[in-house]
> 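Have a look at this one before I ask anything.
A note on names: the letters A, B, ... follow the listed sequences, proteins ahead of strands, and every chain is numbered from 1.
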Amino acid sequence: MPVVTLPDGSQRHFDRPVTVDEVAASIGPGLRKAALAGRVDGKLVDTSYVISRDANVAIVTDKDPEGLEIIRHSTAHLLAHAVKELFPDAQVTIGPVIEDGFYYDFSYKRPFTPEDLAAIEAKMQELAKADLRVERRVMPRDEAVKFFKSLGEHYKAEIIAGIPEGEEISLYGQGNWVDLCRGPHVPSTGKLKVFKLTKLAGAYWRGDSRNEMLQRIYGTAWADKKQLDDYLKRLEEAEKRDHRRIGRELDLFHMQEEAPGAVFWHPKGWTVFQTLIGYMRDRLRQTGYQEVNAPELMDASLWEQSGHLEKFGENMFLTRTPDERVYAIKPMNCPGHVQIFKQGLRSYRDLPLRFAEFGKCHRYEPSGALHGLMRVRAFTQDDAHIFLTEDQITEETIAVTRLLLDTYKDFGFDDVIVKFADRPEKRVGSDEVWDRAEAALKEAARAAGIEYTYNPGEGAFYGPKLEFVLRDAIGRDWQCGTLQVDFNLPGRLGAYYIDEHSQKRTPVMLHRAIFGSLERFFAILLEHHAGKLPAWLAPVQAVVLTITDRQNDYARNVTETLKNQGFRVECDLRNEKVGFKIREHTLQRVPYLLVVGDKEVAANLLSVRTRGGKDLGAMSVETFRERLAVEVESRGRRTLED
RNA sequence: GCCGGCUUAGCUCAGCUGGUAGAGCAACUGAUUUGUAAUCAGUGGGUCGGGGGUUCGAUUCCCUCAGCCGGCACCA
């Protein structure tokens, strides 16, 4: 005699066990139709689930986030069903829900083609329209293994064999197709209406590159058409922000075949790049760092000593010189900085010693990993190594995290997530040393007031790290900054200082980067701002444009004046209509357009228009200069419009 | 590195089943002296990613290499 308590607190009494479906029906036919699943005492179940005892019950529909997940999960099943209909000897594997959609991995004798994809999607539509009932049943594990083997589904059988013996396995069937699944699922395929297959890709079985490659089909599914359209619009928006496209359109940089993964910086791009470095140099000066510069090319033995060659040798550029020596092009800066530390005798009084470098590093990244400026083979790190004693770690960590977060604010990133990455499988140093390093970093993070989540096994091979992740304007996350505690490399590379008792001691080293790779940070900035860099970063801050050639002298004068004040200003004297010039420079994302016609010349003024199309009216050159100076000084936290 | 796709003018892209290539924008030349997102007219421009093969003939079919794109794996 179950008593069902609904989310609004109301209760329903039944004189016999009831299904979720029946509960929904008892509330109303509309809800019954909308029901995708149930939540019984907090647990998600199918609508066919039988409630035989008193319970809290909620009906899950496509208005609930769980409902959408169930739709996606069931759509993944629908995909597998369609593939099996069209390609009976394809084998199914796994098909989870992911952000905005789902995928399903198959094993098949030949690759799926884009045409196959269209056919599969059509078959899915057909199966959805047929409104097949989705039925759940259970089976003992060993029986399930046999069952899937008999179907020729060896991957499924392998998955089930990995489930503890004696557990019951749930299977879901629709039409003549059955799959292993935990569920829950929608009650019938007719509930799946808005979906789209998006891409084909390869993926390794169980995510291990030593295993065979399966074929992955990605798809997206939504509760209604509008949500799908919004999603597609979001993809379009991301594409418009693509830094590779903006880089070309704004003439910032290019890459070419002869130098895969390396950047040719054009004048405008390099201007921004240098502005980033200039900004960081100011920061370093304020926070007690000293800039250094170490060789790009050093004997490979140094990298053997550090452990890099062993762990990353495959990913390093090596070069044999005519004198038969093998040199490595530096993939990172730390060993170089340790060499600088080692020159002369260091005293504990010198610590913490902070060496910073805008070091150009080269890494032979796997060809498939290259991606615009985001993943390159030649990049510049805003790297620093801080040599200190163990008991200075906390204080220094507080200072570093403050610098990191403050810097990000200057670039418009207020939303920063921190992750704690602990010891990886492949590492140097004893467990005892790792225990100390991890404990020290945790304590330091606590003292700095940082909340973090765990990223297990993702630390550097020489020490644990804090990872700083930025959230951009369209909600994407980018890992940029890092702070690593290293109890290993200084010792391996023979660094020591003299302590207060005249004893040799090995220092601890903090590795930290704020931008990470400047190339990558540049790309993130472009995408974050959709190319509309704030005035302090924009390669061209303003363009003076004339109406007719009667204003040429005045325009040239204004341009020179502003340039002499340190602003990046150009003038456009071309024999074109203002509308044309405005369009061009707006497309070039120039923050301010300064229009001069006869009126402005007569009154000694500028008419100021923003790239957003806002008319700020006429003002004197001096007024404009002052306001732009304030904007640049405040790093764009204030603009002329404010 | 692995799987799939792509590579045609500076850019974006057409080019059916093999018969040596087109458009728009850009560029260049000329006219126009113009008031807040495209003035008009004319002209030039391509070893169809590289190499090899099949064929009387290859941008088109096959092989191979490279790069790029989307994933996977990797990311000090």
> Counting only pairs under 3.5 Å, give me each side-chain donor-acceptor contact of residues 511-523 of chain A, with atom names and distances, residues two or more places apart or in other chains.
unit_1	atom_1	unit_2	atom_2	d
A/His511	ND1	A/His385	NE2	3.1
A/His511	NE2	A/Asp486	OD2	2.8
A/Arg512	NH1	A/Tyr289	OH	3.4
A/Arg512	NH2	A/Asp382	O	3.2
A/Ser517	OG	A/Glu519	N	3.3
A/Ser517	OG	A/Arg520	N	3.0
A/Glu519	OE1	A/Thr380	N	2.8
A/Glu519	OE2	A/Thr380	N	3.4
A/Glu519	OE2	A/Thr380	OG1	3.1
A/Arg520	NH1	A/Gln479	O	2.5
A/Arg520	NH2	A/Gln479	O	3.2

> Write down the distance between CG (A/Asp615) and P (B/U36), rounded to a whole number of angstrom.
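The answer, rounded to whole Å, is 10 Å.
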> Please confirm whether A/Lys426 makes a cation-pi placement over A/Phe461, using NZ or CZ under 6.0 Å from the six-membered ring centre and within 45° of the ring normal.
no
> Report the secondary structure of RNA chain B in dot-bracket form, marking unpaired bases with a dot and bases paired to a different strand with |, and treating Watson-Crick or G-U pairs with both distances under 3.5 Å as paired.
(((((((..((((.....[..)))).(((((.......))))).....(((((..]....))))))))))))....
> Can you tell me the distance, in whole Å, between the CZ atom of A/Phe264 and the P atom of B/C68?
12 Å
> Is there a donor N/O on one and an acceptor N/O on the other, under 3.5 Å, for the side chain of A/Glu600 and the base of B/G35?
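Such a pair exists between side chain and base.
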> Is any side-chain N or O of A/Arg375 under 3.5 Å from a base N or O of B/C75, one able to act as donor and the other as acceptor?
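Indeed, a donor on one side and an acceptor on the other fall under 3.5 Å apart.
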> Provide the distance between the two P atoms, one in B/U7 and one in B/C62, to the nearest whole Å.
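Here B/U7 and B/C62 have their P atoms 13 Å from each other.
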> Do the rings of A/His362 and A/Phe317 sit parallel, tilted or perpendicular, given the 30° and 60° boundaries?
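Perpendicular: the ring planes of A/His362 and A/Phe317 meet at over 60°.
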> Please report, rounded to the nearest Å, how far the P atom of B/A26 is from the CZ atom of A/Arg583.
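Atom CZ in A/Arg583 sits about 9 Å away from atom P in B/A26.
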> Any idea how A/Tyr452 and A/Tyr454 line up, ring-wise: parallel (<30°), tilted (30 to 60°), or perpendicular (>60°)?
perpendicular
> Are B/A38 and A/Phe580 stacked, with the base six-membered ring and the side-chain ring centres under 5.5 Å apart and planes under 30°?
no
> Are A/Met509 and A/Tyr462 packed together at the side-chain level, in the sense that at least one heavy-atom pair is separated by less than 4.5 angstrom?
no
> A/Arg245 has an atom CZ; how far is it from atom P of B/G70, in whole Å?
13 Å
> Would you check, one step at a time, whether the test side-chain contact (heavy atoms from CB on, under 4.5 Å) holds for A/Phe87 with A/Phe106?
CA-CA 11 Å; A/Phe87 311 97; A/Phe106 302 93; over 6 Å; no
> Return the value, rounded to whole Å, for the distance between atom CG of A/Asp105 and atom C1' of B/A73.
13 Å
> Between A/Tyr155 and A/Trp205, what is the ring plane arrangement, given parallel below 30°, perpendicular above 60°, and tilted in between?
perpendicular
> I'd like to know if A/Tyr204 reaches the base of B/G1 with its side chain, counting only an N/O donor and acceptor under 3.5 Å.
yes
> With hydrogens left out and only the distance checked, is there a donor-acceptor pair under 3.5 Å joining A/Asp549's side chain and the base of B/U33?
yes
> How many Å lie between CD on A/Gln479 and C1' on B/C75, as a whole number?
10 Å
